[in-house]
Amino acid sequence: MSGPLYIGTDLSTQQLKALVVDSSLKKVYEAKFDFDADATGYEIKKGVMTNEAEGEVYAPVALWLQAMDTVLARLKDAGLDFSRVKGISGAGMQHGSVFWNAQAEKMLGSLDPSQGLEKQLQDAFAHPFSPNWQDASTQKECDEFDAVLGDETELAKVTGSKAHHRFTGPQILRYTRKHPEAYKKTHRITLVSSWLATIFRGKFAPFDISDVCGMNLWDIPNGRWHPKLLQLASGQFPVDELRPKLGDVPEDGGAHLGSISKYFVDRYGFSSDCEIIASTGDNPSTILALPLRQNDALVSLGTSTTFLMSTPQYKPDPATHFFNSPTTAGLYMFMLCYKNGGLARENVRDAINQATSIEQNSWQQFDENLLSVKELARDDESKTMQLGLYFPRPEIIPNLPQGEWHYEYDPKSDKLSKSEKVRESPKEDARVIVESQMLSLRLRSRELVNSPGEGLPPQPRRVYVVGGGSRNKAIAKVAGEVLGGSDGVWKLDVGENACALGSAYKAVWAVERKEGETFEDLIGERWDESQFAEKIADGYNKDSYEKYGQAMKGFERMERELLKEHGR
Ligand code: XUL
């Protein structure tokens, strides 16, 4: 009852969560604040405000201050002895920026512990809102970012990603245009992650080495701000004014940024030597929830689909994202981020249930179909493979509008032809949709995976699944058949906590590491697999893996044809 404790926080679109772990990585306390359910005084829906006419999505920053005090008070009520907390790190939704004014740092440093943060810091911002990652208002700015170094491929080479609406550089450029007066008053810009560290530290905290890669401003191969991109983001204002607003970026993801601000010591009873550790983005933090080895893949099956890998290879491409590893120099996080995932699968499930008059939300029939229909929905090899794309929302990968498309592919003759729907609809849709989501992941990660053992084709060693869809073992089975996974498909059993846990583990590592000890080594030693992960499917199966290898050719051509058809 006296050992050190560590706090990890997760500030996401709809809630602020805090988890407390001990040195053995065991979770000992947890508290959260749901923005829609718990906040007072803000006109928000699902944590954000929207201006549909301009595609804007943004959050009131003061709301997060209300959340911060409440979450800490809830931890206190739960019995946490704050004096045992030796380190705090955090995870913030990626890309969102906060615009602080020139008085902010003074306010941060002189907070009265008898009053809350919201009341005392509401005037610390040059602009009261933070653009959210769902924002789509920056098409013009993205076109400028993609063009400034030549084309989107060049931008991806330098910053790890082509221009995206949500990325902070295009957002800052739009801010200079839409709110020039507020921009002039902006003394410092933090990301959501460095906002968290700033609050705890009571001084501006730098960006972390991973989350800075979500801005389209950081030159990843050279480890510096890219001058031309900073110039572009400054808009009508001198570039020399933007540079100090951004600050420096420490290379060490475990850097100690200083001790906790006096406000938290006096108000909650933290020890004054509690260290603030760089906070990172929510996706980089998610890969820290387990000792993810090189050549392991993590698939998050939520409303959207995210695919994450930790890799020493930097192979940027406009369709994917590369970030620096949040902890380990020389490693990168590879990410695929899709808009369509769970919702698209639910639509198919609903159609199946309607056709068989089964209870609406049950996955039973969907799963039965998924497992009984053969690979690529063909009964035998004399039939064509059935391929499809199911996008109830406009997709990022590939860049196609909302729609559903079906194709048939004969691998022997390499003939691809369009069709109306699957041969047996909606039964076979269950198989075709899950395969299509997994084929897209396999296609885009094929250059990064290596052979995990003698005689095995390149594929991940393990595929970990998280998020709502990870409860479905039928989906996991098909995921393994398509993606491989020589050591199987594993469900990461940490509920919705992966991201907050990752940041708590980062704090453990940063404070307790020995000289030169990597995150992977320290967490790998302490992580009790039997407690946190469960093998739910076999993974690699030679026969299926080869069939999907053939199908991938048709899949790639299908995407290319559709992109051409849509003038993309
Ligand atoms: C990643 C992205 C989202 C947010 C979610 O690029 O925009 O995953 O990080 O919070």
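Count residues from 1 along the sequence. Predicted, not measured: the structure shown is a model, and the values here were computed from it. Counting starts at 1 for both ligands and their atoms, in listed order.
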Fill in: Donor + acceptor pair across side chains of Ser97, Gln171 (<3.5 Å)
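Note: Ser97 and Gln171 side chains miss the donor-acceptor criterion.
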Can you name the atoms of ligand 1, numbered from 1 with element, that are less than 4.0 Å from a heavy atom of [X]?
X      : value
Met93  : 10 (O)
Arg166 : 1 (C), 2 (C), 6 (O), 7 (O)
Met335 : 1 (C), 6 (O)

Worksheet item: Checking Arg188 against Trp100: charged group under 6.0 Å from the ring centre and within 45 degrees of the axis?
Response: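 Judged by the rule, Arg188 and Trp100 form no cation-pi pair.
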Discussion item. At under 4.0 Å between heavy atoms, is it the side chain or the backbone of His321 that contacts ligand 1, or both, or neither?
Written reply: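 Neither part.
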Fill in: ligand 1-proximal atoms of His164, by part, heavy-atom distance under 4.0 Å
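Contact part for His164 vs ligand 1: neither.
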Discussion item. Among all the protein's non-hydrogen atoms, which is closest to atom 6 (O) of ligand 1, and how far away is it?
Written reply: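 Result: His95 NE2, 2.6 Å.
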Worksheet entry | N-O pairing of Lys140 and Glu54 below 4.0 Å |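 Looking at Glu54 together with Lys140, the answer is no, because their closest N to O distance does not fall below 4.0 Å.
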Worksheet item: Salt-bridged, Asp34 to Lys17, with N to O below 4.0 Å?
Response: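 Salt bridge: no.
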Practice prompt. Pick whichever of Asp282, Asp135, Thr306 has a heavy atom sitting closest to atom 9 (O) of ligand 1.
Written response: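 Considering heavy atoms of Asp282, Asp135, Thr306, the nearest to atom 9 (O) of ligand 1 sits in Asp282.
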Worksheet item: So, does Asn132 use its side chain to make a donor-acceptor pair with the main chain of Tyr58 at under 3.5 Å?
Response: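 Not a single qualifying donor-acceptor pair exists.
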Item to complete: Ignoring hydrogens and angles, tell me if any N or O in the side chain of Arg461 forms a donor-acceptor pair with the backbone of Gly485 under 3.5 Å.
Response: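 Not a single qualifying donor-acceptor pair exists.
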Discussion item. For ligand 1, which is the ligand I care about here, please tell me if Asn283 has any N or O atom under 3.5 Å from one of the ligand's N or O atoms.
Written reply: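 By distance alone, the answer is yes.
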